2 protein chains.
Amino acid sequence: MTSDADPRFLRSREAILNAARELLLESGPTAVTHVQVAERAGVGRATVYRHWPQAEPLLVEAMATVPMPFLDKPTVPTREWLRRELTAIARQLDLDDVRAVSTTLANTALWDEDMDARRAQFAGILTTRLAAALDDAQARGEITLALASQDAAAMTIGPMYYRSTIERAPADPALIDAAVNALGTWAAG
Amino acid sequence: MTSDADPRFLRSREAILNAARELLLESGPTAVTHVQVAERAGVGRATVYRHWPQAEPLLVEAMATVPMPFLDKPTVPTREWLRRELTAIARQLDLDDVRAVSTTLANTALWDEDMDARRAQFAGILTTRLAAALDDAQARGEITLALASQDAAAMTIGPMYYRSTIERAPADPALIDAAVNALGTWAAG
DNA sequence: CTGCAATGAGTCAAGTTGTCTCATAGAATC
DNA sequence: GATTCTATGAGACAACTTGACTCATTGCAG
């Protein structure tokens with residue numbers, strides 16, 4: 001039997017990951033230590049060390065358990081789809097755990113290679129998905145883009161992210177509409 | 001003589017703040033400990049404890065020594081002023097220390113009251129300055145705003161901030177133009 | 001030159017970290 | 001149900017860190 005199929009192993013693993021996620025959410029990334037995780041998870045300290053000898057990869061994995069906002073498969077009309085998706089992202093960013101993970105990712109990625117890889121992957125998915133959806137929309141005549149489609153993610157998600165993490169307020173529908181309209185000229189629907 | 005005018009006191013204080021800032025920039029907020037700061041500053045460990053009994057207020061003050069991007073006094077035409085200011089902000093955000101301070105502020109503010117106060121102050125200045133400048137511009141007939149002037153900071157600085165901290169790439173002039181144009185309809189200049 | 005206050009070096013107890021050992025008990029195999 | 005394997009919790013342990021304190025030294029102002 002490989003150890004990673006042992007129910008005891010999996011139970012410990014889940015308890016540890018949950019505890020780490022809760023600690024991150026409640027007290028920040030510095031609270032994710034072997035001792036605190038062990039206490040919260042109701043698991044021996046040695047068990048945490050056995051599963052994750054380093055605290056940092058544990059933090060990385062715990063962060064990965066938080067469902068982050070991504071762009072759903074595009075539908076037509078693209079304008080409505082984008083409005084819906086941005087509204088969903090704004091609502092997600094209003095959740096404490098998503099905000100904690102986002103800002104921790106942006107911050108720790110500056111000094112940690114693993115975190116930076118996660119950041120790059122996350123950013124890349126959003127940028128390419130949105131760019132592809134907008135290129136298609138333009139090919140379909142739905143919009144005349146006012147900027148490179150690769151800039152669309154920054155132009156639309158940027159305001160939601162700034163509103164949530166720097167201004168710490170919810171994004172209003174007017175801000176979302178403004179972001180959607182900033183991408184170019186939408187054909188009259 | 002009050003202690004805070006003693007040259008020895010001021011020298012130590014400066015050396016400590018510089019060391020803390022360097023450590024933050026090079027290795028992140030967790031590196032700002034009494035021991036590491038003392039070593040880097042070339043002062044005794046006890047001296048650091050005397051100046052800052054807690055490491056966290058030291059981090060806060062060290063971050064305050066990094067010149068953050070703010071909006072300069074508005075000039076006319078407002079559109080050109082804004083383009084210039086956003087270009088300056090984008091360039092600033094490309095500097096490692098500004099990025100480190102920004103993301104550390106956004107992250108630690110989630111769990112630390114002092115940091116949150118700094119974040120709120122910083123965000124408030126940008127939001128109100130830009131809103132005032134745009135309200136004036138609209139009164140002058142330079143622009144017809146497409147959103148509440150309080151949303152302008154998120155709409156313009158947001159994309160630069162996202163580009164710098166999440167996508168980790170420089171902001172191109174096209175993105176800046178798109179952000180400026182997103183605010184409303186500018187009168188033909 | 002004198003008095004004062006900040007400093008560096010050092011000591012210390014308490015707490016933390018990472019490693020290891022071993023008896024126990026949960027899980028699969030026969 | 002008995003047997004075997006292996007993850008686990010508890011605890012011991014040395015190395016290190018933390019925060020507080022002491023004291024001789026040294027830079028500074030009058």
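Here is the naming used below: chain letters follow the sequence lines, and residue numbers restart at 1 for every chain. Computed from a predicted model, the values in this text were never measured in an experiment.
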### Query
Is it true that Tyr162(B) and Tyr162(A) have ring centroids separated by less than 6.0 Å?
no
**Report entry** N or O in side chain of His34(B) less than 4.0 angstrom from dT17(D) OP1/OP2
**Finding:** no
Applying side chain to side chain contact (heavy atoms under 4.5 Å, CB included) to Ala19(B) and not counting sequence neighbours gives Val37(B), Arg40(B), Ala41(B)
Separation of dA6(C) atom P from Leu10(B) atom CG, nearest Å, is 11 Å
Shortest non-hydrogen pair, Ser149(B) vs Ala131(B), comes out as O-CB, 3.5 Å
Regarding the side chain of Val35(B), the nearest nucleotide among dT18(D), dA6(C), dT8(D) is dT18(D)
Checking dT11(C), dT17(C), dC28(D) against the side chain of Arg45(B) (C-beta onward), the nearest is dT11(C)
Closest to the side chain of Val43(B), out of dT8(D), dA5(C), dG8(C), is dG8(C)
- Query: Would a distance-only check, ignoring hydrogens and angles, find a side-chain to backbone donor-acceptor pair under 3.5 Å from Gln138(A) to Thr144(A)?
  - Reply: no
Closest of dC20(C), dT7(C), dC28(D) to the Phe9(B) side chain is dT7(C)
Between CZ of Arg8(B) and P of dT7(C) the distance, given in whole Å, is 7 Å
Under 4.0 Å between a side-chain N/O of Arg11(B) and OP1 or OP2 of dA6(C), yes or no? no
Tell me whether the OP1 or OP2 atom of dT8(D) has a side-chain N or O from His51(A) closer than 4.0 Å.
-> yes
Between CH2 of Trp52(A) and P of dT8(D) the distance, given in whole Å, is 11 Å
request  = Give Thr33(B) one of three labels, base, sugar-phosphate or nothing, depending on what nucleic acid heavy atoms sit under 4.0 Å from its own.
outcome  = nothing
Rounded to whole Å, CD of Glu39(B) lies from C1' of dT18(D) at a distance of 14 Å
Rounded to whole Å, the CG-C1' distance (Asp6(A) to dT29(C)) equals 14 Å
**OP:** Tell me yes or no: between the side chains of Gln150(A) and Thr127(A), is some donor less than 3.5 Å from an acceptor?
**Re:** no
So, is Thr47(A) close to the dA7(D) phosphate, meaning a side-chain N or O under 4.0 Å from OP1 or OP2?
-> no
When rounded to whole Å, the CZ to C1' distance for the pair Arg50(A) and dT19(C) reads 11 Å
Closest to the side chain of Tyr49(B), out of dT18(D), dA27(C), dC28(D), is dT18(D)
Between CD1 of Ile16(A) and P of dA7(D) the distance, given in whole Å, is 13 Å
